[in-house]
Number of protein chains: 2
Amino acid sequence: MDNKTHILNCALTLFANKGYDAVGVQEIVDTAGITKPTLYHYFGSKRGLLDALVARESTSLFTAIGSSAVYNGNILMCLRGVASGYFKFALNNKEYYRLQLAMWFSGKNSETLEAIFPSLEQQHRMLEEIFIKASIDHGNMKGRHKLYSATFLGTINTYIGLALNSDLVLDDQLIYKAVHQFMHGIFS
Amino acid sequence: MDNKTHILNCALTLFANKGYDAVGVQEIVDTAGITKPTLYHYFGSKRGLLDALVARESTSLFTAIGSSAVYNGNILMCLRGVASGYFKFALNNKEYYRLQLAMWFSGKNSETLEAIFPSLEQQHRMLEEIFIKASIDHGNMKGRHKLYSATFLGTINTYIGLALNSDLVLDDQLIYKAVHQFMHGIFS
DNA sequence: TTTTATCTATACCGTTCGGTATATTACGGG
DNA sequence: CCCGTAATATACCGAACGGTATAGATAAAA
């Protein structure tokens with residue numbers, strides 16, 4: 001594993017466990033077994049390190065989900081695929097998913113929200129596209145794609161949050177149930 | 001308004017908008033128009049300030065919700081009351097609710113999670129009691145009170161999160177729908 | 001072999017961090 | 001009127017902050 005990757009991995013663990021602002025650059029380089037100039041050579045700044053980390057991980061997220069997130073005429077099946085993709089990614093990247101949630105809920109004027117915002121927007125766009133296309137087949141869904149994508153992602157994150165605390169096991173049955181519950185909310 | 005309250009209010013705004021770790025003590029006292037020794041006279045430490053803030057606001061939360069959160073034989077009505085209480089509190093205390101969410105999702109080893117943990121636990125206990133009592137009338141709910149309280153609060157927070165971003169209006173109709181959707185998930 | 005670009009370490013920068021020693025003010029009770 | 005306590009300010013502490021100037025190492029290219 002090259003040095004850059006190793007630094008990113010160390011930073012991820014620290015950020016996820018203590019929070020971005022609570023971790024000092026010195027702590028990161030000590031953990032990674034390097035010195036400051038090395039880090040600044042690769043990433044330019046602490047913020048640059050965070051941006052690089054988010055870029056790497058969110059690319060991985062979209063790779064894992066992208067193929068499922070295409071509307072194929074069956075909204076239920078499609079959402080089940082997306083939910084399954086999210087669950088799998090979150091469980092395979094627990095630290096990053098925790099960090100993403102923390103950044104999402106961080107203050108409006110915080111650097112961390114600014115850093116995660118593009119990835120969040122892209123996730124919403126991806127979901128909205130599904131609901132827009134689905135509304136061609138399901139008229140009563142028309143014009144609500146923003147609301148649907150937000151509540152759907154919120155529901156997913158609720159379950160992932162529970163699973164990250166080991167209060168819940170994310171199996172196929174749960175995916176089925178979560179999506180069913182979500183769709184029932186739409187059609188009733 | 002006395003000085004102590006004024007300092008707490010200033011700290012709340014700063015913490016909610018920038019994050020606890022990203023706000024310095026100097027910034028707080030400048031905003032409040034005081035000096036450091038005054039703050040340390042009242043609160044002892046930065047952490048003491050956060051604890052005092054959480055204590056004040058979470059007391060206010062339980063005051064707002066407590067009366068609704070008593071099972072009265074009608075689980076649907078009860079949950080509607082709780083949801084309504086949460087929504088009202090969150091909209092009347094937007095900054096604190098945002099801060100609470102941020103602290104909830106902050107890293108496992110972070111000071112902020114430690115500070116909010118008791119309040120979160122109390123909220124869960126309150127909800128679990130409802131579901132335990134309700135399971136006497138509804139046998140199929142038995143033994144799932146932890147899961148139910150977690151997903152119910154998760155659902156509520158999803159909607160509050162959307163409302164705090166002005167993507168949603170939290171009216172009575174939405175409460176009805178959210179609780180109905182939640183109960184449908186339980187009984188199906 | 002010399003050159004050039006990449007990578008890394010030593011040592012340091014000014015600033016801000018959370019926190020405090022000391023002194024002064026304000027004020028109510030004896 | 002003096003005394004004690006609570007409240008506030010000035011000025012400062014050592015440590016940690018994010019970041020960098022400089023130079024030595026390394027290795028591929030010329």
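Sequence lines set the chain letters: A, B, ... in the order given, protein chains first and strands last, and positions in each chain run from 1. Side chains included, hydrogens not; waters and symmetry mates left out as well; all remaining heavy atoms used. Computed from a prediction, not measured in an experiment: that's the story for all the values here.
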Novice: Between P on D:dA7 and NE2 on B:H6, what's the gap in Å once rounded to a whole number?
Specialist: 16 Å

Novice: Atom pairs, N/O to N/O, protein against nucleotides 19-24 of chain C, distance under 3.5 Å?
Specialist:
from: C:dG19; atom 1: OP2; to: B:Y40; atom 2: OH; distance (Å): 2.9
from: C:dG19; atom 1: OP2; to: B:K46; atom 2: N; distance (Å): 3.0
from: C:dG19; atom 1: N7; to: B:K36; atom 2: NZ; distance (Å): 3.1
from: C:dG19; atom 1: O6; to: B:K36; atom 2: NZ; distance (Å): 2.7

Novice: Just distance, no hydrogens or angles: give the donor-acceptor pairs under 3.5 Å from side chains in residues 104-117 of chain A, sequence neighbours left out.
Specialist:
from: A:S106; atom 1: OG; to: A:M103; atom 2: O; distance (Å): 2.7
from: A:S106; atom 1: OG; to: A:S110; atom 2: OG; distance (Å): 3.0
from: A:S106; atom 1: OG; to: A:T112; atom 2: OG1; distance (Å): 2.8
from: A:S106; atom 1: OG; to: A:L113; atom 2: N; distance (Å): 3.4
from: A:S110; atom 1: OG; to: A:G107; atom 2: O; distance (Å): 2.7
from: A:S110; atom 1: OG; to: A:T112; atom 2: OG1; distance (Å): 3.2
from: A:S110; atom 1: OG; to: A:L113; atom 2: N; distance (Å): 3.3
from: A:E114; atom 1: OE2; to: A:R47; atom 2: NH1; distance (Å): 3.4

Novice: Whole Å only: how far is the CG atom of A:D30 from the C1' atom of D:dA15?
Specialist: 15 Å

Novice: Rounded to whole angstroms, how far apart are CD1 on A:I34 and P on D:dG19?
Specialist: 14 Å

Novice: Just jot down the side chain to side chain donor-acceptor pair (under 3.5 Å) partners of B:H124, sequence neighbours excluded, or say none.
Specialist: B:S149

Novice: Rounded to whole angstrom units, what separation is found between the CG atom of A:L50 and the P atom of D:dG18?
Specialist: 13 Å

Novice: Rounded to the nearest 0.5 Å, what separation is found between the NZ atom of A:K18 and the OG1 atom of A:T13?
Specialist: 12.5 Å

Novice: Measure the CG-CZ distance between B:N92 and B:F87 for me, rounded to the nearest 0.5 Å.
Specialist: 13.5 Å

Novice: Could you grab the distance from atom CD1 of A:I65 to atom NZ of A:K88, nearest 0.5 Å is fine?
Specialist: 11.0 Å

Novice: Please enumerate all residues that pass side chain to side chain donor-acceptor pair (under 3.5 Å) together with A:E129, with sequence neighbours excluded.
Specialist: none

Novice: Using only side-chain N and O atoms of B:T38, determine if any of them is under 4.0 Å from OP1 or OP2 of D:dA9.
Specialist: yes

Novice: With a cut-off of less than 4.0 Å, is there a side-chain N or O of B:N3 near OP1 or OP2 of D:dT8?
Specialist: yes

Novice: Below the 4.0 Å mark, does D:dA7 have OP1 or OP2 next to a side-chain nitrogen or oxygen of B:H41?
Specialist: yes

Novice: Which of residues 8-23 of chain B have a heavy atom under 4.0 Å from DNA chain C?
Specialist: B:V23

Novice: Would you kindly give the CD-to-P distance between A:E27 and D:dA15, to the nearest whole Å?
Specialist: 18 Å

Novice: Using distance only, find each side-chain donor-acceptor pair of residues 33-41 of chain A under 3.5 Å and give its atom names and separation, not counting sequence neighbours.
Specialist:
none

Novice: How far does CD of A:Q181 sit from CD of B:Q181, to the nearest 0.5 angstrom?
Specialist: 5.5 Å

Novice: Working to the nearest 0.5 angstrom, can you tell me the gap between B:Q100 CD and B:I160 CD1?
Specialist: 8.5 Å

